Amino acid sequence: MQMIHKLKRETVLYLIIAIFIGAIVGVGTFTFGYAKGASYLRSDSQSCANCHVMQGHFDAWVKSSHGKFAACNDCHSPHDSAASAYYCKARNGFFHSLAFTTGNYEENLRITDYNRRITEQACRNCHADLVHQIDIRAVGELNQSAVENLESNSCIRCHSTVGHDT
Amino acid sequence: NIFERQQEARTTVLKVVDIDDNTADPAVWGRNFPLQYDDYLKTVDMIQTTYGGSEAIPRTPTDEDPRDLVSRSKIERIPQLKRLWAGYAFSKDYREKRGHAYMLTDQIYTERQKVGQPGTCIHCHASTYVPMKELGEGDIHAGFEKLNALPYMEAKAHVKHPVACIDCHEPETMALRITRPAFMEGIAAFKKSQGVQDYDVNRDATRQEMRSFVCGQCHVEYYFQGDEKRLTYPWTEGLTVDAAYSHFESSGFKDWTHAETGAPMLKAQHPEFELWSQGIHSRAGVACADCHMAYKRVGAMKISDHHIRSPLLNVNAACGTCHKTGDQELIARTENIQARHQKLVKIALDAVIDLIDDINAAKANGVAEDKMKAAQQWQRKATFYVDYVEAENSSGFHAGQEAARILAESIDCSRKGQNALRE
Amino acid sequence: NIFERQQEARTTVLKVVDIDDNTADPAVWGRNFPLQYDDYLKTVDMIQTTYGGSEAIPRTPTDEDPRDLVSRSKIERIPQLKRLWAGYAFSKDYREKRGHAYMLTDQIYTERQKVGQPGTCIHCHASTYVPMKELGEGDIHAGFEKLNALPYMEAKAHVKHPVACIDCHEPETMALRITRPAFMEGIAAFKKSQGVQDYDVNRDATRQEMRSFVCGQCHVEYYFQGDEKRLTYPWTEGLTVDAAYSHFESSGFKDWTHAETGAPMLKAQHPEFELWSQGIHSRAGVACADCHMAYKRVGAMKISDHHIRSPLLNVNAACGTCHKTGDQELIARTENIQARHQKLVKIALDAVIDLIDDINAAKANGVAEDKMKAAQQWQRKATFYVDYVEAENSSGFHAGQEAARILAESIDCSRKGQNALRE
Ligand SMILES: [Ca+2]
Ligand SMILES: [Ca+2]
């Protein structure tokens with residue numbers, strides 16, 4: 001984590017290259033991302049498990065309540081615009097590949113704040129109708145931006161295991 | 001865009017009636033929010049858990065007290081309490097708390113009223129937002145002062161409902177808000193002790209904090225300060241029992257004088273908010289509403305369960321999303337903490353009683369003034385500490401280790417008090 | 001390279017050497033299991049955590065004691081302990097524990113050896129499985145008796161290594177097994193108290209239980225029973241402190257006589273296994289090995305980290321599997337529990353010291369025999385209770401509420417003892 005932050009500051013150049021490479025990989029998964037069907041889910045998510053580091057999450061996801069409904073990227077990539085989806089894929093693709101290659105990551109992975117925010121929004125992307133009543137705010141938060149408001153009611157706080165109980 | 005969607009979805013709440021900042025009656029709000037209202041009404045239910053909840057005890061209504069159901073008497077069940085509070089109204093009548101529906105009636109008919117209580121009491125036992133606004137001509141703080149100054153029986157004529165929607169919600173957006181002046185002041189004093197100046201709870205609190213703060217308006221230790229009996233939460237030095245005790249020491253405040261020993265006493269009342277704040281759940285960001293108002297699904301909607309009650313009557317929803325062990329095991333874990341706690345409470349209560357006995361004996365046999373003073377001071381502290389966790393309603397669950405620590409210190413004080421008489 | 005990594009994961013254990021039930025040397029096992037062996041060797045590391053771990057203190061080696069590094073002295077850091085244990089070897093030398101690599105040396109060179117210790121001591125400070133087998137001609141129980149009967153300095157000639165692979169593993173299958181007679185007997189006695197007859201730990205324990213039992217062979221309160229100084233775990237009535245105390249009371253056992261007060265005393269030693277058994281993690285099925293030997297990734301392989309140490313030096317792996325909060329927050333939560341605990345330990349220790357002072361004064365001034373007896377009995381109990389959690393090495397973490405409860409009872413006993421002298 002700390003290493004990633006350092007990198008973020010120091011190697012903007014790498015990031016730009018990565019966005020380019022990542023985008024190519026990303027377009028593929030994202031374009032198919034709106035197709036339906038369990039077979040798609042499986043193969044799409046399988047591509048994450050190309051890294052054995054992700055195998056545990058993949059196995060847990062298959063068994064999870066969402067294994068039949070949502071692929072990795074339904075929860076782990078933004079839904080608001082194609083641009084941010086590409087950026088996300090490039091960013092994650094770069095950092096995950098880097099970490100994987102160097103082997104420099106912690107035993108138990110932790111979702112980063114950047115990705116947590118994406119996942120938080122992903123829940124609402126599918127469940128907005130169900131949760132609209134509970135998505136109210138405290139008085140003091142009424143004037144803050146929409147994104148901050150959403151985060152103040154964190155779904156993951158209670159439902160951290162819906163995608164995979166690892 | 002997610003925000004748009006949210007707005008869109010929000011409009012599906014059918015506005016049947018207009019609600020504004022003067023609509024006190026929850027039934028009116030209930031027409032727009034029937035699901036929440038239905039649950040809200042269920043707080044009349046009385047169900048006992050092993051250590052909490054409440055049991056309905058039938059009684060024959062009298063002219064003086066028309067209630068046909070009351071909760072169990074705690075002073076009968078825990079006889080040490082009568083002597084703990086000798087000379088104070090609590091030794092006459094102190095019962096298990098029960099659902100919000102009863103808050104007004106139970107306050108009106110408790111025998112503690114016989115000593116003549118101030119209007120201040122009403123702050124936590126009724127929907128006071130509109131009454132305060134009216135009395136204060138738009139200013140709830142001014143209204144609060146006026147309500148406090150009335151004798152209870154006059155003050156009560158100004159209120160109608162138990163805590164209602166308007167006491168926790170801003171009617172326009174349904175956002176949570178704080179309506180209680182004593183909490184606004186208390187939490188600002190606490191934040192100041194933490195280095196935060198000019199804290200305005202309705203401006204500065206996060207939504208997740210609000211999900212506990214709305215309860216912290218009432219479920220806290222309090223006292224009546226000064227001659228005007230101003231309702232105050234003793235948080236100037238922090239939220240721990242030590243901070244509260246130290247707050248009282250610095251002003252030399254006392255609630256009453258002990259009838260047997262003559263010690264200047266303090267009464268601790270229901271510090272759920274404070275004890276919770278010292279526990280692991282609070283540290284992990286788990287709010288009162290998370291457990292006591294767990295989400296429930298009703299049809300196509302997910303709502304907060306407004307049937308506020310013991311989470312042990314609703315374990316699956318209240319604990320289950322975070323703890324994947326079965327319901328029975330969760331109850332067992334909780335009761336394990338509570339059983340250990342209650343055993344220790346008994347030891348601490350017995351220790352205070354031993355001290356009271358010894359002071360009485362020393363009085364009878366004669367003892368030096370300074371020894372007596374010292375013993376009384378220990379009695380004051382020991383009682384406040386054990387009362388703090390006894391009056392707290394989770395039987396230690398909200399912060400198990402901290403509660404045991406407080407009891408350990410109470411025991412130390414009681415026994416030191418006994419020694420002080422003999423040194 | 002992904003392909004290579006995957007291959008590595010599939011590779012089965014390469015059998016380089018044959019290991020049998022007489023192979024004591026861990027270096028030989030290490031040729032088949034180099035990863036585990038490498039980590040095993042790391043228990044020489046000395047790193048301090050806020051409340052645990054150990055700090056390397058340089059010393060000048062002497063002929064008598066060749067160690068050039070020792071851990072901190074606990075009796076210097078916590079001066080109350082010297083008086084707690086007056087007249088007992090522990091008051092001469094008692095240090096922070098450190099890694100397994102040191103267990104044999106630290107036992108040989110502790111000044112507690114000066115009083116002449118029995119061979120029994122070795123049960124927990126060396127690889128004794130093969131030596132016991134040899135001495136007992138194939139029967140470890142017979143060998144255990146023989147080892148016990150020797151004076152320590154003779155017994156130690158029979159052992160070579162600190163706890164080694166063969167003490168925890170069956171060489172054929174690498175399955176965990178129990179090799180310590182005292183634990184076999186102790187756990188059977190405990191199970192009997194729970195209504196389970198003829199419990200044979202190596203036959204009846206589940207794998208998850210074994211992941212704690214192998215540690216429970218040594219990390220337990222013990223005593224030397226009878227004239228033959230038989231190593232015994234006081235579990236006939238249960239695993240709580242109360243059960244242990246009651247066990248000692250029923251036989252009137254004492255470890256030593258207090259040098260200042262003359263009280264018949266009990267020494268509590270490292271009851272990690274017992275305190276853990278009363279905590280929430282044990283209840284949730286979390287074993288010692290889950291935290292102290294967390295799985296680690298080596299290439300594509302997951303192995304148990306045989307660098308047994310404080311989990312706070314390895315939080316991500318040790319706690320992160322179950323707790324998704326960040327590492328810093330997990331350390332903070334733990335230290336929060338430990339800080340509260342240590343504050344209470346101090347109060348309890350001070351209370352015992354007050355009692356010792358009072359008994360001394362009463363002795364000097366003269367006091368009735370029965371009062372003195374009563375006070376000494378309270379001293380015995382108060383000391384055992386506070387020692388129980390002080391000697392326990394997690395600073396309360398293994399069971400926070402229970403540890404605070406034990407301290408509360410210790411305080412109660414100390415203060416009652418003071419009162420007993422004066423009544
Ligand atoms: Ca009070
Ligand atoms: Ca012992």
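So you know, we letter chains A, B, ... as the sequences are listed, proteins then strands, and number each from 1. From a predicted model like this one, the values you see are computed outputs, not experimental measurements.
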Asks: Quick one: do the R422(B) and N419(C) side chains pair a donor with an acceptor below 3.5 Å?
Replies: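 The criterion, which ignores hydrogens and geometry beyond distance, is satisfied for N419(C) and R422(B).
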
Asks: Of the options R340(C), H341(C), E402(C), which is the one that meets Q401(B) in a side-chain hydrogen bond (donor to acceptor under 3.5 Å, both in side chains)?
Replies: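 One option only clears the test, and that one is R340(C).
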
Asks: Are there more than 12 heavy atoms of other residues, nucleotides or ligands under 6.0 Å from atom NZ of K324(B)?
Replies: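 Count over threshold, so yes.
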
Asks: A408(C), A348(C), A403(C): which one forms the most heavy-atom pairs within less than 4.5 Å of chain B?
Replies: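 If we count pairs closer than 4.5 Å to chain B, A408(C) comes out on top.
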
Asks: Between R415(C) and D412(B), is there a side-chain heavy-atom distance shorter than 4.5 Å?
Replies: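 Yes - at least one pair of side-chain heavy atoms lies under 4.5 Å apart.
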
Asks: Can you name the residues of residues 279-287 of chain C that have some heavy atom under 4.5 Å away from a heavy atom in chain B?
Replies: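 The stretch touches chain B at I280(C), R283(C), A284(C).
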
Asks: Between I337(C), D358(C), N336(C), which residue shows the highest count of heavy-atom pairs closer than 4.5 Å to chain B?
Replies: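 Heavy-atom pairs under 4.5 Å are most numerous for I337(C).
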
Asks: Among L407(C), I347(C), L344(C), find the residue that satisfies the side chain to side chain contact (heavy atoms under 4.5 Å, CB included) test when tested with R405(B).
Replies: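 The passing option is L344(C).
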
